[in-house]
J.: 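After the structure tokens below, expect a handful of questions from me.
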Amino acid sequence: MTYWLMKSEPSEVSIDTLAGQPGQTIDWFGVRNYLARNFLRQMKLGDKAFFYHSSCPEPGIAGVVEIVREAYPDPTQFDFHNPHFDPKSPKDNPRWSTVDVKLVSKVELLSLAVLRTKPELAGLRLLQKGNRLSVTPVEPQHAEILERMLKRI
DNA sequence: GCCAACGTTGGC
DNA sequence: GCCAACGTTGGC
């Protein structure tokens, strides 16, 4: 079982958006970066991910989710009216993938500022300078530390 | 709004 | 294949 970290702007999809979905499940649409896409494609059923709020007043980890459907073509790439529409993606060889994630638990927001104070998390990809990837793997030792820090609500 | 960092595009 | 220009991300 692999742990991941997935970023979302709460103005688009927040942890509460997810909690309000039927089955508390949503597809992780809109990834348009090849490295992030490749990580999506590596995800296995039962993998877990930390749900991170980015580009907001208080960025940080807001919950834990589980992968409940492995990678499949992201429908938004073919939807002309969708902001994530990609005219260059071939229908017979879709460029972008998505996975379905299901809410495991909401947590008390574990803010980026607090994460930065922990020396034992210094290696976490999220905290690396210049990191902008919206989907990243989390090393087992970092996942363990994060799981211990999270307060489920 | 600013800016650093990184990715993508396109001319050559 | 190089690289300048441009666009995007995302914290502050």
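Here is how names work: the chains are called A, B, and so on, in the same order as the sequence lines, proteins then strands, and each is numbered from 1. Note that the structure is predicted; figures quoted are calculated from it, not measured.
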J.: Backbone N or O of A/Lys102 within a donor-acceptor pair of the A/Gln24 side chain at under 3.5 Å?
T.: no
J.: Indicate yes or no: at least one non-hydrogen side-chain atom of A/Met43 is less than 4.5 angstrom from one of A/Val135.
T.: yes
J.: Quick one: ring pair (Phe, Tyr, Trp, His ring centres under 6.0 Å) partners of A/Phe50, sequence neighbours excluded?
T.: A/Tyr3
J.: Report yes if the side chains of A/Lys48 and A/Met1 come closer than 4.5 Å at any heavy-atom pair, otherwise no.
T.: yes
J.: Can you name the residues that form a side chain to side chain donor-acceptor pair (under 3.5 Å) with A/Arg32, not counting sequence neighbours?
T.: A/Asp74, A/Thr76
J.: Who are the ring pair (Phe, Tyr, Trp, His ring centres under 6.0 Å) partners of A/Tyr72, not counting sequence neighbours?
T.: none
J.: With side chains defined as the heavy atoms from C-beta onward, is the minimum distance between A/Thr2 and A/Trp4 less than 4.5 Å?
T.: yes
J.: If the condition is side chain to side chain donor-acceptor pair (under 3.5 Å), which residues does A/Thr17 pass it with, not counting sequence neighbours?
T.: A/Ser14
J.: Contact class for A/Leu35 vs. all strands (heavy atom < 4.0 Å): base, sugar-phosphate, or nothing?
T.: nothing
J.: Taking only residues two or more places apart in sequence or in another chain, which ones pass side chain to side chain donor-acceptor pair (under 3.5 Å) with A/Tyr52?
T.: none
J.: Considering residues at least two apart in sequence or located in another chain, which fulfil the side chain to side chain donor-acceptor pair (under 3.5 Å) criterion with A/Lys7?
T.: none
J.: May I ask you to check whether A/Ser54 and A/Glu9 show a side-chain donor-acceptor distance below 3.5 Å?
T.: no
J.: Do we see a donor-acceptor contact under 3.5 Å between the side chains of A/Ser97 and A/Arg37?
T.: no
J.: Can you check each nucleotide of nucleotides 1-8 of chain C against protein heavy atoms at under 4.0 Å and return B for base, S for sugar-phosphate only, - for none, in 5' to 3' order?
T.: ------BB
J.: Residues of residues 6-15 of chain A with any non-hydrogen atom less than 4.0 angstrom from an atom of DNA chain B: list those, numerically ordered, please.
T.: none
J.: Using a heavy-atom distance cut-off of less than 4.0 Å, which residues of residues 49-58 of chain A contact DNA chain C?
T.: A/Tyr52, A/Ser54, A/Ser55
J.: Considering the terminal five base pairs at each end of the helix from B/dG1-C/dC12 to B/dC12-C/dG1, what angle separates the two local helix axes, rounded to 10°?
T.: 10°
J.: Where along residues 114-126 of chain A does a heavy atom come under 4.0 Å from DNA chain C, residue by residue in number order?
T.: A/Arg116
J.: Got a sec, which residues hit side chain to side chain contact (heavy atoms under 4.5 Å, CB included) with A/Thr136, two or more places apart in sequence or on another chain?
T.: A/Leu5, A/Arg125, A/Asn131, A/Leu133
J.: With a 4.5 Å limit on heavy-atom distance, are the side chains of A/Val64 and A/Phe51 in contact?
T.: no
J.: Indicate whether the side chain of A/Asp100 and that of A/Trp28 have a donor and an acceptor atom separated by less than 3.5 Å.
T.: no
J.: Figure out the CG/P separation between A/Leu109 and C/dG11, and round it to whole Å.
T.: 12 Å
J.: Given atom CG of A/Asn131 and atom P of C/dG11, what is their separation to the nearest angstrom?
T.: 10 Å
